[in-house]
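Everything below concerns the one structure shown next.
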Amino acid sequence: MGLLGFFYSLGDLPLPDQIGLAIHASLLLLLLFFVSARRVLSCAFRRAPVFKDDRRSPVGDHPDADHRQLLVGYWFKITVCCCFYNFLVQLVVLCYETARLIQTRVDSRSYLALYLPSLQALAWLLLGLSAVHCRFNALPKFPFFIRLWWFLSFLLCLYTAYVHVKGLVDGSLRISSHVLANFTAAPAIVILGVVSVRGFTGLELYRDHGDLREPLLAEEEEPGCLRVTPYGDAGIFSLVSMSWLNPLLSIGAKRPLELRDVPLLAPNDRSKTSYKALNGNWERMKAENPMKQPSLAVALFRTFWREAAVNAVFAGLNTLVSYVGPYLISYFVDYLSGNIAFHHEGYILAAIFFSAKLIETITTRQWYLGVDILGMHVRSALTAMVYRKGLKLSSTARQSHTSGEIVNYMAVDVQRVGDYSWYLHDIWMLPLQIVLALAILYKNVGIAFIATLVATIISIIVTIPLAKMQEEYQDNLMGAKDERMRKTSECLKNMRILKLQAWEDRYRLKLEEMRNVEFMWLRKALYSQAFITFIFWGSPIFVAVITFATSILLGGQLTAGSVLSALATFRILQEPLRNFPDLVSMMAQTKVSLDRISGFLLDEELQGDATIVVPHGLTSSAIEIKDGEFCWDPFSSRHTLSAIQLQVQKGMRVAVCGVVGAGKSSFLSCILGEIPKISGEVKISGSTAYVSQSAWIQSGNIEENILFGSPMDKQKYKNVLHACSLKKDLELFSHGDQTIIGDRGITLSGGQKQRVQLARALYHDADIYLLDDPFSAVDAHTGTELFKEYILTALASKTVIFVTHQVEFLPAADLILVLKEGRIIQQGKYDDLLLAGTDFSVLVSAHHEAIESMDIAESSAEDSSGIIDIHASGSISRRLTSSPSNADGMNSESLENTASSDIKAIKEKKKSKHTRKKQLVQEEERERGRVSFKVYLSYMAAAYKGTLIPLIILAQTIFQVLQIAGNWWMAWANPQTEGDKPKTSSMVLLLVYMILAFGSSFFVFVRAVLVATFGLAAAQKLFVKMLRTVFRAPMSFFDSTPAGRILNRVSVDQSVVDLDIPFRLGGFASTTIQLLGIVGVMTKVTWQVLLLFVPMAIACWWMQKYYMASSRELVRIVSIQKSPIIHLFGESIAGAATIRGFSQEKRFMKRDLYLLDCFSRPYFYSLAAIEWLCLRMELLSTCVFAFCMALLVSFPHGTIDPSMAGLAVTYGLNLNARLSRWILSFCKLENKIISIERIHQYCQIPSEAPTVIEDSRPPPSWPNNGKIELINLKVRYKESLPMVLHGITCMFPGGKKIGIVGRTGSGKSTLIQALFRVIEPDDGKILVDDLDISTIGLHDLRSRLSIIPQDPTLFEGTIRINLDPLEEHTDHEVWQALDKCQLGYVIRHKPQKLDTPVLENGDNWSVGQRQLVSLGRALLKQAKILVLDEATASVDTATDNLIQKIIRTEFKDCTVCTIAHRIPTVIDSDLVLVLSDGRVAEFDSPQRLLEDKSSMFLKLVSEYSTRSSSMSDTGYWKHDPM
């Protein structure tokens, strides 16, 4: 046959084959042309790229090849597999056609059958090899030519499929090997069509230490966890079988898992990736239309729609195959009844049933894992966004969101939005499921399917008002929870003051009242949920009754097959119908949560233009403020700061002074850009470091607090410790600078906290230092040392603005600003201001008064001060001449040994990890191994002593029995095939079915109400028990437990107990009984199933045990990893001003993302582990079902009742879903019960001593004298920690004023804590009026003592509530107290008087004003013993003098113990106790101590008077800033 004949013969082929031949032949020729052209060109020019996209050197030839790694993605693997799969299909067709030609007599035209498969086989082989070739060149995209070929093949496939389907429908097409091959190859070609559009190969080159291979904060990763999860690189089989999880599960089976065992997430699953994508879309939407409020839901959709779309494919496929069984049941019953349609029909039906169940099992697991991962991504991204927003929140917005509320946004709202991923596809799946169900019902019951549709719509409509009601309850529940969390957070933060003032019972009752409001809404929510459960268990029964009744009334012939098919359909329809209220409720809840988060994210941020940063070199000014008007409340008519004009040259020292409430701290805030700017401009040139008045210390060790994210430089670090006088303090700590600081720096004294803050600022080596009253918390000696070493020496060349009440430091300033009522009323040098008189001279004269009150023997004062003067001035002059800036010197000194110091630092860090076991703050405890059965029993017995549990099980059992009876009745009573006689009349049939059906739904209602009742009682009992135990815990518990851990339990774990566990327990009971029912029905028909069911049950039990070993620990790790996120958040919100002051937002954001990944790692694996187990369980149950089907088909006709066999199949279809749900419900119950375990831990905290001991109550008038006796008092904070007080013995006479002084960290505050029994003595005792205080109740003791603490604390509420929380005093008494503590004038000028609001932490009042409120409390209490712990540290000298006069007048008959660093505060005391390193150094009257030239007290007094008298010689402190 010639060439022309060949082309003529092609005309006999079908049109699709002709087009296929033409396309593949053309493309083959083009490919050959390209290859040959490449060879010619490579010989001529020695150049090689074939295609435009191929200009990239192979992996091996790359200069960094040794350090590069090629990651092969699953898209590449799928693509190559599809090409070679198509090649094999065409090869099989070619072989078949060749064999057929050999067997039959052939003519030349018969060879036409070989042309197309030959050409296509060759084409797919070349395409497969081309795809493989891309791997060697590490191409990011497939060459354009290859993609074009795939796309054309895809279009051809669509056209061929259309022609063939049309031919099959009209009967014109004859089935041939070509037609079968086209259908077989279609799925692979569709995938290649998708790849051709995407273009990407899925190949990625990484350096071995590339960004995506490294953890986010490398230094924070634990050793051993640097391997990335195999999930990202898993093959198709591994993904389908979930075998990529096996390595972790095998470790978990051998020993309890730790966080380091859990591999890192794949780069795409990390928080950083999700956060950047979502934040990018959110910011874009805000920018697109600034006038319109952006939708967070739309931003989430734009970010995660691809993931959701892939997941939708699995969900859709799963829905379609789930209806195969119900559709075929009627055919199966007909087959068993003897109506055989074709040969081997039974086996073919059994094979289809099995295949459908297999596909359903696989798609379900992929779908569920997909939504879990999607939810995880959404949660990570939203949490990070909420955290970032928290760092940028303006002061006004901050007032409307307390830290407790923001914790709830993270802990509850973000969780809820993430959980919505489970309901995402239900919106479109519900209509699809209803349409498929109606189609099957139309086949079975005819026109009666319309009744089904109407009944379904009615069922859905009924839920809408219920859902709205549920939304309202949820809204109110969340609001009540927010209020409770806000108050709980405040109480935990201020637990020390609650215990010292004996207020803890009052505040606990307040929390219980708030819980009662929350509980009211919880009860309504749970009972309405119970009613919804009844409606939706009843709705499929209602739909079934309506359908069958309509069919019978219309005269339709029901058969056993059609009834069973309809019942199976109703059962599948039951899921979406039952899920619909959940869907509506979840949509409502998610909308509420989205609105709350969105409202928070859109809240006002700090003004971007509040400060203008001027680059170095463009100006000589460090800070310049022109016409500055600032106000914390933008709507207030009175501005916080007005008419601010200031220019500070670089290198200047500026002091800011003024009375309490003058606006000094606000002045620093305006430089930082923290306070809203009304008008004017603030220019800053250089980096800033900020030291706040109330020390903000992070949890962690001291070294981490000082470094604050900067790399370790040993020499610089040593110089910083020296400048901040911290060396001696660190020597006192057994772990040195590796000592773990408790929550909010609880393990440090006030002075130590302040100096750690100063060290942090100095190490930061900024250009501008803003110090807010840094010397108030330290003693006179340390204060002087700090001023010399820190401000005069280390910061000699820096710009420093410091707020101070210490007048003696003012002469050293180049510029002094005097503030009054938010205005700079004076500014200039010290001498100039003194000459000018007015307010400044008032401050100075108040200080002189204080000094003059120190009646020191002249000779001793002169001698000692002379000695100190000579020594001090010598040391200062030496230091000032040594270097213009110690901070600069620190940098230059230590560059040489950086590498070696780094290695040393790493070694020291490792060493410090071993010592952490002895530290005060330990890692969060967790149980290991199985959840103890006692935990289950304690929960079950928590409500009504467990009497409801048997009733719940009984109600569920009756429901199950009645449901099976109803289905059996319908299958038995109806004729088996059309034409058979029914066994009863239509009315009896319907009536019996309705009684059984509605009887079963009634018992569901009973069960739901019982479960809700049980859950409510148990949740309330556990909450109250935990709350009371926590409030009765000793102070050491709060010192060593970060507040985040406790908040985690009272928010997240309590929510699980409130809303989750009762339904999990009820669900497990119901699923167990349903599973037993299914097995019972299947066994009744084919007892042989038991032969397979028993080994299957054993296998399931073994797998569940194997899985639980890992899952349990993973869930515990997840619970623990949640706390650091909440803790970091609370800590960051509290220190947001400091973080911004140091420009550390990025580092803290990184830390948050790292902690989110630490949480997501075990969370992701715990989710995957559930799917791993369910997959294996369902595969086993699918095999049992297939075995049952094979048995039924194998039995001879007539040996088995077809309707009963059909019933067994109907229930069998549900077996795998029920089995996996049973295992799932048990595993989730055990995982959730860990919340009970964690709450149970906090119900076992050892209590402090009883509040009241009835047999040992002090007389009502005790103490009437106020004598305090300390006998050999030894105190330590914890058994593992060193002794703080070493055998103190002394006696404070009643009615005397006792001054307690000593260096910072000498044990002054510890002594006071021992007096209040915040710490119980290790040895020795304290007698008050000869009564041993350890023998009486804590409430009796603390309520008779009064304290003004070092850290002034205000509670959210009003001024009145803060002064008198127990409401024991009249308004008149409260006003008197306010007048005495100098706040009456301020409060009277507020519009709301005593009801003037106090924000969280008292943020709308200055620290000095807060201290005065504390004084007001003491004035109201009028106790016989008053303790002042640094009570006047934060007020100016004039106010201090005034307070001392008030105390002398108002407490003249009381024993007053005063701890103070200002010597004038204690100089007029009757006795002075000098402590040194926890021992009594001296105890005598001030006069006698001052006469003793060797006395330590004299040194302290001399130090104070020296630095004060140096004012007269102003040149002493001065320096030239330039």
Side-chain angles (χ1 to χ4, degrees), residues 402 404-405 407-409 411-413 415-416 463 465-491 505-535 581-582 584-586 588-593 595-596 939 942-944 948 952 1005-1028 1030-1031 1047 1049-1066 1235-1236 1239 1243 1356-1357:
T402 64
E405 273 178 5
V407 164
N408 256 4
Y409 294 144
V412 181
D413 292 298
Q415 180 74 29
R416 190 173 284 158
T463 60
L466 286 171
K468 280 186 178 171
M469 187 170 69
Q470 188 81 337
E471 182 188 351
E472 183 199 336
Y473 293 158
Q474 284 289 341
D475 241 351
N476 291 318
L477 178 63
M478 286 310 300
K481 190 185 281 291
D482 277 353
E483 284 299 312
R484 175 174 65 83
M485 284 304 298
R486 177 190 296 194
K487 204 73 191 164
T488 307
S489 175
E490 188 177 58
C491 289
D505 283 346
R506 170 71 182 169
Y507 275 83
R508 177 180 57 73
L509 288 170
K510 269 189 186 178
L511 282 176
E512 286 183 16
E513 284 166 21
M514 290 174 135
R515 169 65 182 180
N516 288 338
V517 174
E518 182 188 353
F519 185 71
M520 176 187 76
W521 293 113
L522 181 67
R523 182 165 52 237
K524 287 182 177 180
L526 289 191
Y527 281 131
S528 65
Q529 187 64 47
F531 187 66
I532 288 171
T533 305
F534 161 67
I535 294 280
D582 288 347
V584 175
S585 167
M586 195 66 192
Q589 289 177 37
T590 307
K591 185 181 179 301
V592 169
S593 290
D595 289 346
R596 279 159 55 92
Y939 178 66
Y944 308 105
L948 294 184
I952 291 168
F1005 178 62
V1006 170
R1007 190 212 76 189
V1009 169
L1010 287 174
V1011 166
T1013 307
F1014 167 80
L1016 285 164
Q1020 189 68 349
K1021 192 171 178 183
L1022 282 168
F1023 175 80
V1024 170
K1025 190 178 179 186
M1026 173 170 67
L1027 185 71
R1028 288 179 182 174
V1030 166
F1031 267 71
L1047 285 175
R1049 279 171 170 83
V1050 294
S1051 65
V1052 179
D1053 290 315
Q1054 189 60 44
S1055 282
V1056 169
V1057 175
D1058 286 347
L1059 298 162
D1060 232 1
I1061 291 180
F1063 293 108
R1064 294 266 175 232
L1065 203 61
S1235 288
I1236 302 269
I1239 288 173
C1243 292
E1356 194 181 359

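Residue numbers count from 1 along this sequence. Just so it is clear, the structure is predicted and the values come from calculations on it, not from any experiment.
Counting heavy atoms from C-beta outward, K510 and R506 have side chains that approach closer than 4.5 Å. A 4.5 Å side-chain heavy-atom check between V1011 and L948 finds every atom pair outside the cut-off. At a threshold of 4.5 Å between non-hydrogen side-chain atoms, the residues R596 and V412 do not count as touching. Two residues are said to be in side-chain contact when any heavy atoms from C-beta on lie closer than 4.5 Å; L477 and D1058 fail this criterion. Counting only heavy atoms from C-beta outward, the side chains of L511 and Y507 never approach each other to under 4.5 Å. Between V1006 and L1010 there is a side-chain heavy-atom pair separated by less than 4.5 Å. Here the side chains of F1031 and D505 are not in contact, with every heavy-atom distance at 4.5 Å or above.
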> Can you check side chain to side chain contact (heavy atoms under 4.5 Å, CB included) on F1063 and L526, steps first, answer last?
Replying inline: CA-CA 10 Å; F1063 293 108; L526 289 191; 3.4 Å; yes
> Given the rule in the side chain to side chain contact (heavy atoms under 4.5 Å, CB included) test, do N516 and Q1020 qualify, once you have shown the distances and angles that lead to the verdict?
Replying inline: CA-CA 9 Å; N516 288 338; Q1020 189 68 349; 3.2 Å; yes
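Shown here is Y527, whose OH atom has more than 12 heavy atoms of other residues, nucleotides or ligands within 6.0 Å.
When all heavy atoms of L1016 and F519 are compared, the pair lying nearest together is O-CE1, 3.4 Å. Listed here is the closest heavy atom pair of V1050 and Q1054: O-CB, 3.4 Å. Here the shortest heavy-atom pairing between A1017 and A943 reads CB-CB, 3.5 Å. Taking each heavy atom of C1243 and L1022 in turn, the nearest pair found is SG-O, 4.3 Å. A pairwise comparison of heavy atoms in V1009 and A530 identifies N-CB, 4.0 Å as the closest pair.
Considering CE of M478 and CE of M485, their distance stands at 10.0 Å, rounded to 0.5 Å. Between the CE atom of M1026 and the CZ atom of R1049 there is a distance of 8.5 Å, given to the nearest 0.5 Å. Annotation: the span from K524 atom NZ to Y473 atom OH amounts to 5.5 Å, rounded to 0.5 Å. The structure places CG of D413 at 10.5 Å from CD of Q589, a figure rounded to the nearest 0.5 Å.
In this view, R416 satisfies the salt bridge (Lys or Arg N to Asp or Glu O under 4.0 Å) rule with no residue, not counting sequence neighbours. Here D595 pairs with K591 under the salt bridge (Lys or Arg N to Asp or Glu O under 4.0 Å) rule; sequence neighbours left out. When the side-chain hydrogen bond (donor to acceptor under 3.5 Å, both in side chains) test is applied to E518, the partners found at least two apart in sequence or on another chain are K481, R484, R515. Looking at residues two or more places apart in sequence or on another chain, you find a salt bridge (Lys or Arg N to Asp or Glu O under 4.0 Å) between K487 and E490. Not counting sequence neighbours, the partners of D1060 by the salt bridge (Lys or Arg N to Asp or Glu O under 4.0 Å) test are R1064, K1232.
Among residue pairs with one or both ends in residues 1006-1028, those qualifying as salt bridge (Lys or Arg N to Asp or Glu O under 4.0 Å) are E512-R1028; sequence neighbours excluded.
Under the 30°/60° scheme for interplanar angles, the aromatic rings of F1014 and Y939 are found to stand perpendicular.
One N or O on the side chain of S1055 and one on the backbone of S1051 form a donor-acceptor pair closer than 3.5 Å.
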